[in-house]
Amino acid sequence: MMKFGGTSVARPKNWEIIARLARKRLADGERVLIVHSALSGISNLLEALPGLALAGEGEAAAAAIRQRHLDFAQEAGLDGAAILAPWFTRLDALTAGMALVGEASARVRAETMALGELMASALGLALLKKLGVAAEGLDARDVLTGTNTHDETRSWLDNAVSEERDDTLIARLAPHDVILTQGFIASRAGGGTVLLGRGGSDTSAAYFAARAGAARVEIWTDVPGLFSADPRLTDGARMLTALSYEEAQEIATMGGKVLHPRSVGPARRAGIPMLVKDTFRPDLPGTRITGEPGDDAPRLKAVSVKTGVRLVVMEGSGMWRQAGFLADIFAAFKHCGISVDQVSTSETNVTVSLDPDPGLDAARLDMLRAALAPLCRVRIEEGKAAVSMVGYGIRRILHQLAPAFEAFQQKPVHLVSQAANDLNFTVVVDEADGAALAKSLHESLIGQMPEDRVFGPSWAEISAPAGKAAGAARPAPWWETRREDLLAQAPDAGGRYVYDLTTVEARARAVAGLQSVDAAWFAMKANPHADVLRTVESSGIGFECVSMGEVARVRETLPDLPAARILFTPNFAPRSEYEAALALGTHLTIDGLHPLREWPDLFAGKDIILRVNPDRPRGHHEHVRTAGPKAKFGIPLEQLGHAAELAKAAGANVKGLHAHAGSGITEAGHWREIGRILGEAASSIGGVSIINVGGGLGVPDSPDAPILDLAEVDRELAGVKRALDGVELWMEPGRYLVAEAGVLLARVTQVKMSFGTRFIGISTGMNSLIRPALYGARHEIVNLTRLGEAPAGLASIVGPICESADLLGADRLMPETREGDVILIAEAGAYGAVMSSRYNLRDPADEAVL
Ligand code: ADP
Ligand code: ASP
Ligand code: MG
């Protein structure tokens, strides 16, 4: 079952794609049933036609509709007038009839709108034949009949058509390889036409699939799948690779227009997988919807906005502990034929939201008011938007939603509702605020998710040429401008890290220039390359070392560096390392009670810094969060008083407090919060003159990822400094100084197609860069040889190591790639070479400097 939407069928040249896709299915031994919509825009024109006909402007409107179809025919080289004659006659008769009678019944409206699909079908059938596909036409109304279509006041079908497997239909379709039929329309039980609702062609496809026992429902549209938000809302919207029927249903119901809400049910009940694909980019994998979720971890998968929502607010004192009150008010809704979406109740108020519904006119709302009047006070509020967050176990992640709501402190939230199925959490706000809220929720909760089995690339990545996002704020990375130099450096075998010292220098200067920071320390574990250390040193930044090995490296590289520019911050290190550092005279951070309790003699007369655990885990992956109950770092705040007593007893002076909560943080407010926590801790123990707010400054991992605003960090920290009069502020960035300065280069070894996934193998893997395997980290990956070439589809980039985790990037848009091409993995200057290994006895990448 293949369904093509309005834009997919709008132009004759698109039918060439349809013909090609159908032929491909035939070549695979499958037969196809094609359901299609009206040419894009035509349903809107037909919907407006009755109004125009009644206003005496029907003829001109009908002429415009005819012309669109004639233009299509002419472009396709078809005799439009002949093919469309019966439908044009019908269109003109309906238009004239409406003008004459002065009204348009529900039946007439349905007959009129059905013409959109019927005219497209006549053209499509002729064109497919012309393109050499022997398609057989089928009138959808011969197969789909509404089960509850006696309500003559409605042109829409609320209840389902039958979706039982239909062996007679199967036998009837059997002789044909390709059958073409219309979406959107069905027959009324007593004769005539009924519609499945705007966007209802998806539902037609699902019904047809269920009745004809199809193997698959493919929904072909103008986006490559279901996204985590409408791509028109934000181009950070992420492609969702795999969803369960329940999740897809929820996204569709809550406003994800790409799938009609009623289309998921029939497919789910018949157990038929659904695939949402892009007609214009058929190679992209699209979204697969099945009974199996892509993953069932509690997390947010999508945010959607539904506008045109109404609220019915019902208030009264009689409802408290009143048995049957809800039954009475819902009976009123039933009596008026109005269906309710979200509900929230309190002792004196019941508020429900109503979905936008063309059939819900002023008369019906008055009827509702009258029916409710004896029960309570009623207020109907128009112009609201429902913003929904969809995902399994949504209740367990409600706390994550809080920051996105911060911007909403001043704005009214009219209704909050959690779906009983724990799949959706919805708030109703003013229509004008809906999009902004949805965007902010999406940006903070989904936009930065690393790619995995569920989250694919973003809309920006898909729609922009490789490596460049449209309108992205990020300037072209250095590796684009130095492409030729890099290609010359590319290794023939294995891998090579290449560092751009200009970038290191620029980042180091930016950090050293922070007004509010008195001393910055480079967390050199990120990249201890000698040239990097020298570059950092020249900006005036000191070195934060976590082992005596690192201290030795700094001293050997920079023999004249005074010990006071080294900060030693070990974790669970042996006593001997503390002894050595104290002997050298470096600053020393202690991050547990054990050293103070067991080796007090070491610290007599010494200045020390205590690292606390601020219980604020942050960062892009569990393994990079270094605070909170699970972290092995730091002294829990409630033990700090005890630590201070031990230090005093040992004769040590606690000159500073330190905290580091994790890595990859892009909200400037984070360091202010750490500063505040440390400031409070400092005043509780007294005598502290240094506050070290740690590092974790985030580096964007894709062209559309948020960029940390260093100037804002400075402003936030200036606030902290003012509050802690006289205290020195320290900071210790690692990744921020070096990540973007380094790239990893490797050669393509082999390519492989396996179960629909394209693998691009390269000459080094997790032995050189373990971050994707260890942290699920995302690195931008490009084919440097073919930089800027159009993407040929998605591919997974893998190394030669015998581990399934040797995956450097999943589902990336890559151009046609060949053996020997140079692949560049970006933002690899931090925690790259230094974490490499000889696993599998493969030499890791070597290092070079530009
Ligand atoms: P068709 O005419 O093919 O049926 P529609 O216009 O009905 O296409 O649906 C496709 C549109 O749905 C996309 O162009 C997109 O703007 C919109 N859309 C809304 N929400 C989503 C979402 N979550 N994922 C993908 N597309 C969405
Ligand atoms: N043509 C109909 C509409 O625009 C049905 C569809 O496109 O799915 O609503
Ligand atoms: Mg649609």
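Start at 1 and go down the list; that is how both ligands and their atoms are numbered.
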Please state whether [X] comes within less than 4.0 angstrom of ligand 1, counting heavy atoms only.
{"X": "Gly225", "result": "yes"}
{"X": "Ser304", "result": "no"}
{"X": "Ser37", "result": "no"}

Of the side chain and backbone of [X], name the one, both, or neither that has a heavy atom under 4.0 Å from an atom of ligand 1.
{"X": "Pro231", "value": "side chain"}
{"X": "Lys257", "value": "both"}
{"X": "Lys3", "value": "side chain"}
{"X": "Leu226", "value": "backbone"}

Nearest protein heavy-atom contact for [atom]: which residue, which atom, what distance?
{"atom": "atom 6 (C) of ligand 2", "answer": "Ser201 OG, 3.3 Å"}
{"atom": "atom 2 (O) of ligand 1", "answer": "Gly6 N, 3.1 Å"}
{"atom": "atom 21 (C) of ligand 1", "answer": "Asp230 CA, 3.6 Å"}
{"atom": "atom 12 (O) of ligand 1", "answer": "Val258 N, 3.4 Å"}
{"atom": "atom 7 (O) of ligand 2", "answer": "Ser37 OG, 3.1 Å"}
{"atom": "atom 24 (N) of ligand 1", "answer": "Phe227 N, 2.8 Å"}
{"atom": "atom 1 (P) of ligand 1", "answer": "Thr221 OG1, 3.5 Å"}

| said: Given Met389, which partner from the list Ile394, Leu398, Leu423 fulfils the side-chain contact (heavy atoms from CB on, under 4.5 Å) test? | reply: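 Only match with Met389 under side-chain contact (heavy atoms from CB on, under 4.5 Å): Ile394.
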Given the options Ile272, Val217, Leu275, Met1 meets side-chain contact (heavy atoms from CB on, under 4.5 Å) only with Val217
The single option from Arg23, Arg216, Lys24 that satisfies salt bridge (Lys or Arg N to Asp or Glu O under 4.0 Å) with Glu30 is Arg216
Just which atoms of ligand 2 are under 4.0 Å from any heavy atom in [X]?
{"X": "Arg198", "result": "3 (C), 4 (O), 9 (O)"}
{"X": "Glu117", "result": "1 (N), 2 (C), 5 (C)"}
{"X": "Ser43", "result": "1 (N), 2 (C), 3 (C), 4 (O)"}

(message) Hydrogens and angles aside, do Thr307 and Glu431 bring a side-chain donor and acceptor to less than 3.5 Å of each other?
(response)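 No, no side-chain donor-acceptor pair sits under 3.5 Å.
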Are Gln418 and Arg395 linked by a side-chain donor-acceptor pair shorter than 3.5 Å?
yes
The single option from Glu111, Arg188, Arg107 that satisfies side-chain hydrogen bond (donor to acceptor under 3.5 Å, both in side chains) with Thr193 is Glu111
query = Counting only heavy atoms not in Glu59, do more than 12 sit closer than 6.0 Å to its CD atom?
reply = no
Check: [X] N/O within less than 3.5 Å of ligand 1 N/O:
{"X": "Gly256", "value": "no"}
{"X": "Asp202", "value": "no"}
{"X": "Arg232", "value": "yes"}

Original post:
Are any of the N/O atoms in Gly199 less than 3.5 Å from those in ligand 2?
Top reply: yes
Exercise for the section: Give the numbers and elements of all ligand 1 atoms closer than 4.0 Å to a heavy atom of Asp222. Expected result: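 Here the atoms of ligand 1 in question are 10 (C), 11 (C), 13 (C), 14 (O).
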Margin query: Using a 4.0 Å cutoff against the non-hydrogen atoms of Gly5, which atoms of ligand 1 qualify?
Written below: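 Close to Gly5: 1 (P), 2 (O), 3 (O), 4 (O).
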If we only count heavy atoms from C-beta on, is the Ser796 to Asp811 side-chain gap below 4.5 Å?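 They are in side-chain contact.
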Close side-chain approach of Ile18 to Leu127, heavy-atom, < 4.5 Å: no
At their closest point, which heavy atom of Val35 faces which heavy atom of Ser201, and how far apart are they?
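The answer is CG1-O, 4.0 Å.
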- Task: Looking only at non-hydrogen atoms, find the nearest pair between Ser204 and Leu196 and report the distance.
- Result: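 Residues Ser204 and Leu196, closest heavy atoms: OG-CD1, 3.2 Å.
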message: Angle between ring planes, Phe4 versus Trp220, binned at 30° and 60°: parallel, tilted or perpendicular?
response: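 Answer is parallel, since the angle falls under 30°.
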- Query: Heavy atom of His260 under 4.0 Å from ligand 2?
  - Reply: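 No, His260 has no heavy atoms under 4.0 Å from ligand 2.
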| said: Measuring from non-hydrogen atoms of Gly200 to any atom of ligand 2, is the shortest distance under 4.0 Å? | reply: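 For ligand 2, residue contact (heavy atoms, under 4.0 Å) with Gly200 is present.
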Carboxylate-amine/guanidinium proximity below 4.0 Å for [X] and [Y]:
{"X": "Glu218", "Y": "Lys277", "answer": "no"}
{"X": "Arg232", "Y": "Asp222", "answer": "yes"}
{"X": "Lys306", "Y": "Asp355", "answer": "yes"}

